[in-house]
Amino acid sequence: MIRAVKGTRDILPPSSAVWNHVESVAREVFRAYNYDEIRTPVFEETQLFARGVGADTDIVTKEMYTFDDRGESLTLRPENTASVIRAYIEHRLDQLPGVCKLYYIGPMFRRERPQKGRYRQFSQIGAEAIGSDSPATDAEVIEMVTEILTRCGLSGFEIYVNSVGCPDCRPKFVEALKQRLVDVAPGLCADCQRRATANPLRVLDCKIPHDQPAIETLPSILDHLCPACSSHFEQVRMFLTDRAIPFQVKPRLVRGLDSYMRTTFEFAHGALGAQNSVLGGGRYDGLAEELGSKVHAPGIGFSIGEDRLVLSLEEAAPGAHRDPLQIYIAPMGGAALRHCAGLAHELRRAGVRVELGPSAKLKRNMETANKLGARYALLVGDNETGAGVYALKEMSSGEQRNLDRAQLLETFRSPSL
RNA sequence: GUGCCCAUAGCUCAGCUGGUAGAGCGCUGGAUUGUGGUUCCAGUGGCCGUGGGUUCAAAUCCCACUGGGCACCCCA
């Protein structure tokens, strides 16, 4: 038997309805914040990601689906920011007035070991605001993403923000951290001892309870920000407070892409287990130049893990967003079967969700109507077609009443039915 | 990529220290030829994840592989 490949999966009903819900909510919110959609290719030149994501990140060194296309190295996109910036440069979108605000929804690919909330093909809903380095933009982006999650029906998520400094101040902090770790590291877990030299920032993200007291004593990047970064972060916090966003400053938040500078943020949800990050984002003021732009194009963006968002929503409210069948038409007899085709078409044009029984056996049709969860069954036989009335039966109560065609359409014109 | 756990019918699972499989739900039909749900009866269902090994005999024990879960790593 041929099965979906490891780390990929089929989105089946009723889950697909939740996906559609999430996507339509996101599009509404993006519209309200004046974002427009961009659709970039699913694969790009490998170099784009090597430079845009960071040549020595895990994503680039071991997680990319890279293939040779007759001498050209191509890669399935592991994330979308690099592609959006590439398109921004290629099409000179910097020439457009105002901040360039773009959103995307689509699949990304990373060859990781699959587990709950982590798949090799996964979907991200993301956005980029390019052309502004204002802290007000950061705050608006964070407000917008909060709005998306809230309007999707998610609650109980935590908002973490941090500043990781700039190419000016971050290296100095890393150096200070390294020196401090020479003394502290021997008392930490084995992983942290390894990280102390390999990737000191990761020590800050350690989750081992035993290590926490020692980690608390390590220097905070927020004390090492240069004046410009410090002021920027202060304003981000101020604007977030103005907007009543319940954020927490997490100086130990060191996740994200290599190109992140200054503001970074992450939203976490408890129902997700170890992969508890439902979205991540940050500012990348040097990325466009890194990708060859002649003009300075500071930007900030985020991406929501759509799979994880759907997972959280389904855990909180199983069975939500169903769109129940409204009418099951049960024809009785060959003449009625033919008569019902036109009737069904008319109802469907009026926006009613209709299933037309494919055969003329009443009992069988009623059974099916019940199993499909139809709100109403419409019984159509010789009595009904002759008199021009139909018997509408409410399935839950068993009540039945006779309606002519006009009354029937009028009844279902109201969207609540 | 590493470690631990798991894999039996469409689904949820039982199957004792080895003797070649069961339940509930579902699905199909009937009791009920113009009325579903409840009930009753019958039927449908499985290369026991795949391949190898031990054995007279393997769903059961051993190994490998594949897939899944959790943790690490990392990230969305």
Side-chain angles (χ1 to χ4, degrees), chain A residues 1 3-9 12 53-54 57-63 77-81 105-126 145 149 189-192 194-195 198-199 201-202 205-208 253-258 260 264-269 272-282 301-312 328 330-333 336 357 360-385 391-400:
Chain A
M1 183 172 58
R3 318 195 318 167
V5 308
K6 182 176 184 144
T8 71
R9 62 210 182 115
L12 303 172
V53 178
T57 56
D58 280 7
I59 291 178
V60 171
T61 55
K62 47 192 185 197
E63 295 174 2
R77 63 184 184 190
E79 58 94 43
N80 208 26
T81 300
I105 298 175
M108 309 296 158
F109 306 85
R110 293 182 200 172
R111 200 185 183 291
E112 295 183 89
R113 180 121 166 204
Q115 68 187 67
K116 189 172 196 170
R118 188 164 79 183
Y119 310 97
R120 291 182 173 181
Q121 175 177 333
F122 59 101
S123 182
Q124 289 189 332
I125 300 175
V145 83
L149 296 191
C189 67
D191 276 334
C192 281
R194 184 173 47 76
R195 292 173 190 141
N199 194 346
L201 288 174
R202 294 280 170 214
D205 205 31
C206 176
K207 298 171 200 85
I208 309 287
L253 178 65
V254 294
R255 306 181 146 197
L257 308 179
D258 265 12
Y260 281 162
T264 60
F265 55 96
E266 173 181 301
F267 288 35
H269 195 270
L272 289 171
Q275 311 304 322
N276 69 345
S277 169
V278 73
L279 79 91
F302 66 86
S303 62
I304 299 171
E306 190 175 3
D307 305 70
R308 293 181 187 178
L309 176 54
V310 168
L311 220 56
S312 313
Y328 190 100
M332 292 172 281
K361 295 179 73 177
L362 179 63
K363 177 179 150 55
R364 185 185 175 78
N365 278 329
M366 289 304 290
E367 280 174 357
T368 306
N370 185 57
K371 284 171 185 166
L372 293 181
R375 305 275 290 273
Y376 295 91
L378 191 71
L379 283 65
V380 182
D382 293 342
N383 297 347
E384 283 75 11
T385 52
L392 182 69
K393 176 169 184 164
E394 184 175 15
M395 296 301 284
S396 60
S397 65
E399 279 173 33
Q400 194 166 316

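Protein chains get the first letters and strands the later ones, always in sequence-line order, with residue 1 at the start of each.
Using a distance-only test at 3.5 Å, with no hydrogens or angles considered, a donor-acceptor pair links the side chain of Asp307(A) to the main chain of Ser123(A). Between the Arg9(A) side chain and the Ala4(A) main chain, no donor and acceptor come within less than 3.5 Å of each other. Listed for the Arg120(A) side chain is a donor-acceptor partner under 3.5 Å among the backbone atoms of Glu112(A). The main-chain N or O of Val278(A) is never found under 3.5 Å from a side-chain atom of Arg308(A) such that the two would form a donor-acceptor pair.
In this structure, Gly117(A) reaches the bases: a heavy-atom distance under 4.0 Å links it to at least one base atom across the strands shown.
Counting atom types as modelled, Arg113(A) pairs a side-chain N or O with a base atom of G3(B) as donor and acceptor under 3.5 Å. In this model, a side-chain donor or acceptor of Arg118(A) finds a partner on the base of C74(B) within 3.5 Å.
In this structure, Glu112(A) atom CD and C72(B) atom C1' are separated by 13 Å, rounded to whole Å.
Place Gln124(A) and Lys116(A) on RNA chain B by their nearest nucleotides, and Lys116(A) ends up nearer the 5' end.
For RNA chain B, the stems formed by at least three consecutive Watson-Crick or G-U pairs, with both atom-pair distances below 3.5 Å, span B:1-7 with B:66-72, B:10-13 with B:22-25, B:27-31 with B:39-43, B:49-53 with B:61-65.
Minimum interatomic distance between Leu362(A) and Ala330(A) (heavy atoms only, all atoms of both residues): CD1-CB, 4.1 Å. Between Pro78(A) and Ile59(A), the shortest heavy-atom distance links the atoms CB-CG2, 3.6 Å.
Put simply, the side chain of Phe265(A) reaches to within 4.5 Å of the side chain of Leu279(A), judged on heavy atoms.
Checking C70(B), A76(B), G68(B) against every side-chain atom of Gln115(A), the shortest atom distance belongs to C70(B).
In this structure, the separation between CZ on Arg110(A) and NZ on Lys62(A) is 13.0 Å, given to the nearest 0.5 Å.
OP1 or OP2 of G1(B) has not a single side-chain nitrogen or oxygen of Lys62(A) nearer than 4.0 Å.
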Where along nucleotides 25-47 of chain B does protein come under 4.0 Å, by heavy atom, of base (B) or sugar-phosphate alone (S), with - for untouched nucleotides?
-> --SSS--S-BBBB----------
